[in-house]
Amino acid sequence: MPRRNKILVPEARKGLDQLKAKVAGTNNPEQAKFEAAAEVVVPLKQGYNGKLTAEQAGKVGGRLGGSMVKELVKMAQENLGKRS
């Protein structure tokens, strides 16, 4: 059964998609996973990717998720610095 991450604030979807595109270096959030896959040399393609190993899939998701978290932390630190 695939695990789906549920956004706690549905209104944040657009902002998260923009962040995903930004950290992947593209303008299109749909292309972000393909950009991340190319960076870590994983043969991700449109459509069915059932032949990818768990390790390969994790490299793509980890690259995107990790970069998004780093960027969110950076944004929070900058925001806190402005309040002082």
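Here the structure is a predicted model, which is why all the values come from computation and not from measurement.
The side chain to side chain contact (heavy atoms under 4.5 Å, CB included) search around Val9 returns Glu11, Ala12, not counting sequence neighbours. Evaluation of the side chain to side chain contact (heavy atoms under 4.5 Å, CB included) rule for Glu78 yields Lys74 as partners, not counting sequence neighbours. The side chain to side chain contact (heavy atoms under 4.5 Å, CB included) test applied to Pro43 returns Leu52, Gln56, not counting sequence neighbours.
Counting side-chain heavy-atom gaps under 4.5 Å among Ile, Leu, Val, Met, Phe, Trp and Tyr, the cluster of Val73 also holds Val69.
The CG atom of Asn79 sits 8.0 Å away from the CE atom of Met75 when rounded to the nearest 0.5 Å.
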Distance-only donor-acceptor hits, side chain of residues 18-26, under 3.5 Å, sequence neighbours excluded:
{"residue": "Lys22", "atom": "NZ", "partner": "Glu71", "partner atom": "OE2", "Å": "3.0"}
{"residue": "Thr26", "atom": "OG1", "partner": "Asn28", "partner atom": "N", "Å": "3.4"}

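Listed by first and then second residue, the salt bridge (Lys or Arg N to Asp or Glu O under 4.0 Å) pairs involving residues 25-49 are Glu39-Arg63 (not counting sequence neighbours).
Hydrophobic clustering, with ILVMFWY side chains joined whenever heavy atoms are under 4.5 angstrom apart, keeps Phe34 apart from Leu64. Under the 4.5 Å side-chain heavy-atom criterion for Ile, Leu, Val, Met, Phe, Trp and Tyr, Val40 and Leu44 are members of the same hydrophobic cluster. The cluster map of Ile, Leu, Val, Met, Phe, Trp and Tyr, joined by side-chain heavy atoms under 4.5 Å apart, puts Met68 and Ile7 in the same cluster.
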